[in-house]
Trainee: 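Below: one structure in structure tokens.
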Number of protein chains: 2
Amino acid sequence: MVRTALFSEADFIDAAMVLVAEGGPNAATMQAIARRVGAPTGSIYHRFDSRAAVLGIAWNTAYASFVDALAPLLRQGRPREAALAILPWSRENGHRARFLLLNEPVALFEDSPPPAPQRARLEELENGFDDAFQACVAACGDGTSDEERVARAKFLIFDAPIAILRPHLSRGAPLPPYVERMIADLHAAMPVAAGPAASAQLPPPMNRADR
Amino acid sequence: MVRTALFSEADFIDAAMVLVAEGGPNAATMQAIARRVGAPTGSIYHRFDSRAAVLGIAWNTAYASFVDALAPLLRQGRPREAALAILPWSRENGHRARFLLLNEPVALFEDSPPPAPQRARLEELENGFDDAFQACVAACGDGTSDEERVARAKFLIFDAPIAILRPHLSRGAPLPPYVERMIADLHAAMPVAAGPAASAQLPPPMNRADR
DNA sequence: TGCCAATTAGAATGGACGTTTTAGAACGTG
DNA sequence: CACGTTCTAAAACGTCCATTCTAATTGGCA
């Protein structure tokens with residue numbers, strides 16, 4: 001390299017994340033990203049092939065950070081700790097959390113899908129996360145890991161905690177202390193290790209649906 | 001009226017909903033909406049002020065239908081039934097469900113907020129829904145309706161069931177039968193009417209977080 | 001029958017955005 | 001101290017889209 005770069009790749013990635021987090025996917029125009037970094041738009045194209053690549057790398061970065069925080073706990077068979085780990089991760093990764101947890105990929109990538117390398121990397125990350133869930137279910141519950149059992153684990157560890165955080169993330173408000181209680185209570189009431197033993201302690205479910 | 005209209009307002013609204021449901025907010029361009037209806041783009045502007053108005057009305061329509069399905073049950077103090085009602089509503093309102101439950105308003109309206117009438121109507125609907133929650137919490141639990149109690153009820157009745165449906169809505173797959181079990185189990189384990197009595201039956205929550 | 005408002009019809013306009021291009025500045029190397 | 005490479009810098013291009021405009025069509029009514 002012969003001329004020292006004024007801006008780093010991470011600068012542009014971060015700017016894109018912040019813009020999406022604050023204003024939705026369309027707010028992250030190439031010109032807005034450049035403006036926020038203080039660079040000309042051309043400089044983005046010296047580092048990235050396209051806008052889709054920028055957003056794809058941003059997504060993969062945030063997702064990798066998230067998976068790093070949860071997967072080890074899952075593999076250790078500690079689903080409750082994994083669910084609770086979303087909380088400090090979100091507090092420490094403000095923009096990333098909003099970027100990752102508040103956007104559906106379909107909406108983020110609707111204009112054009114990320115190029116192949118980023119797609120491959122994402123699939124890698126998703127498979128790793130999936131494996132961690134499988135391992136957790138195998139370690140926590142009995143061996144049978146059918147679709148429903150995994151869906152239940154993903155809900156308890158992933159979707160439900162995010163649903164608890166969502167209203168606050170959406171308002172941009174700090175996470176109140178009771179979100180931790182809600183997650184903990186949820187896992188106390190519906191353990192992932194939901195052998196028949198656990199549910200037998202609960203009051204019997206009332207009669208099924210009303211239709 | 002002197003010339004019979006070939007297209008109805010609802011045609012355009014529905015087209016917009018379907019397009020957003022299938023391809024994300026940006027897929028609902030004025031030209032795409034018109035093309036799907038088989039009308040010229042000019043015809044949209046004879047009925048609606050702007051694209052923001054079309055999306056705002058579409059959102060309000062879907063939201064009103066959703067609230068109609070849940071609010072009565074909430075006001076009757078039947079949170080479990082309200083949570084389960086999301087299921088048949090989603091099955092009977094395929095596009096609407098994807099449109100409403102898979103899109104954050106911030107992403108949908110980022111380019112320009114809906115005009116005042118639609119904003120006012122939405123606030124009306126949201127207040128009505130909020131009141132229903134307040135009524136339910138008052139009817140189910142004890143009288144005290146502090147922030148945490150309402151947040152808990154909203155999670156159990158609204159956000160959690162949606163989180164259970166989300167993966168399937170997102171893939172465009174039909175909702176499997178076990179989603180009903182998951183919602184029912186959740187409400188059996190964590191009743192909204194969570195007086196101290198209910199949680200006393202549960203095994204004591206394990207020690208709080210690990211940090 | 002001939003008029004008029006409502007609607008269809010489709011082209012035109014202006015702006016925003018992704019991407020490309022061209023020119024110039026910086027810095028390690030020989 | 002020039003040279004080549006990497007980067008900054010900013011303007012330019014082409015496309016897409018929301019919105020507007022102009023003209024043609026329809027059908028009830030005087």
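These figures come from a predicted structure and were not determined experimentally. These numbers come from the heavy atoms of this one structure, side chains and all, not from hydrogens, waters or symmetry mates.
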Trainee: List the atom of A:Leu74, the atom of A:Ala132, and the distance in Å for their closest heavy-atom pair.
Mentor: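 Smallest heavy-atom distance, with atoms named: CB-O, 3.7 Å.
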Trainee: Does B:Thr4 put a side-chain nitrogen or oxygen below 4.0 Å from OP1 or OP2 of D:dT26?
Mentor: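 Negative; the distance criterion is not met.
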Trainee: Please check if the distance between the ring centroids of A:Phe66 and A:Phe99 is under 6.0 Å.
Mentor: no
Trainee: Does A:Asp68 form a side-chain hydrogen bond (donor to acceptor under 3.5 Å, both in side chains) with A:Ser65? I'd like the steps, not just the answer.
Mentor: CA-CA 5 Å; A:Asp68 270 359; A:Ser65 164; over 6 Å; no
Trainee: Whole angstroms only, please: what is the CG-P distance between B:Asp11 and C:dT7?
Mentor: 14 Å
Trainee: Rounded off to whole Å, could you give me the CD-to-P distance for the B:Glu9 and C:dA6 pair?
Mentor: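 Taking CD of B:Glu9 and P of C:dA6, I get 14 Å after rounding.
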Trainee: Send over the distance from B:Leu6 CG to C:dG10 C1', rounded to a whole Å.
Mentor: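 B:Leu6 atom CG is separated from C:dG10 atom C1' by 15 Å.
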Trainee: Would you mind telling me which of C:dA26, C:dA9, D:dT8 lies closest to the side-chain atoms of A:Phe7?
Mentor: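 Ranking C:dA26, C:dA9, D:dT8 by closest atom to the A:Phe7 side chain puts D:dT8 first.
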Trainee: Check this for me: does any side-chain nitrogen of one of B:Asp146 and B:Arg152 sit under 4.0 Å from a carboxylate oxygen of the other?
Mentor: no
Trainee: Take atom CD1 of B:Ile33 and atom C1' of D:dA18, then tell me their distance rounded to the nearest Å.
Mentor: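 Nearest whole value for this atom pair: 11 Å.
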Trainee: In this structure, how many angstroms lie between the P atom of D:dT15 and the CG atom of A:Asp111, rounded?
Mentor: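 Rounding to the nearest Å, CG of A:Asp111 and P of D:dT15 are 18 Å apart.
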Trainee: Identify the pairs formed between an N or O of the protein and an N or O of nucleotides 18-25 of chain C at a distance under 3.5 Å, and give each distance.
Mentor:
from	atom 1	to	atom 2	distance (Å)
C:dG18	OP1	A:Arg51	NE	3.1
C:dG18	OP2	A:Met30	N	2.8
C:dG18	N7	A:Gln31	NE2	3.0
C:dT19	OP2	A:Tyr45	OH	2.8
C:dT19	OP2	A:Arg51	N	2.9
C:dT19	O5'	A:Tyr45	OH	3.3
C:dG24	N2	A:Arg3	NH1	3.3
C:dA25	N3	A:Arg3	NH1	3.0

Trainee: Would A:Arg166 and A:Asp159 pass as an ion pair if we require N to O under 4.0 Å?
Mentor: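 No, this pair does not count.
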Trainee: In whole angstrom, what separates A:Ile44's CD1 from D:dA10's C1'?
Mentor: 14 Å
Trainee: How close or far is atom C1' of D:dA10 from atom CZ of A:Arg35, stated in whole angstroms?
Mentor: 14 Å
Trainee: I want to check one thing: is the phosphate of C:dT7, taken as OP1 and OP2, less than 4.0 Å away from some side-chain N or O of B:Ser43?
Mentor: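 Result: no.
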Trainee: Can you give me the closest heavy-atom contact between B:Arg119 and B:Pro113, atom names plus distance?
Mentor: NH1-CB, 4.5 Å
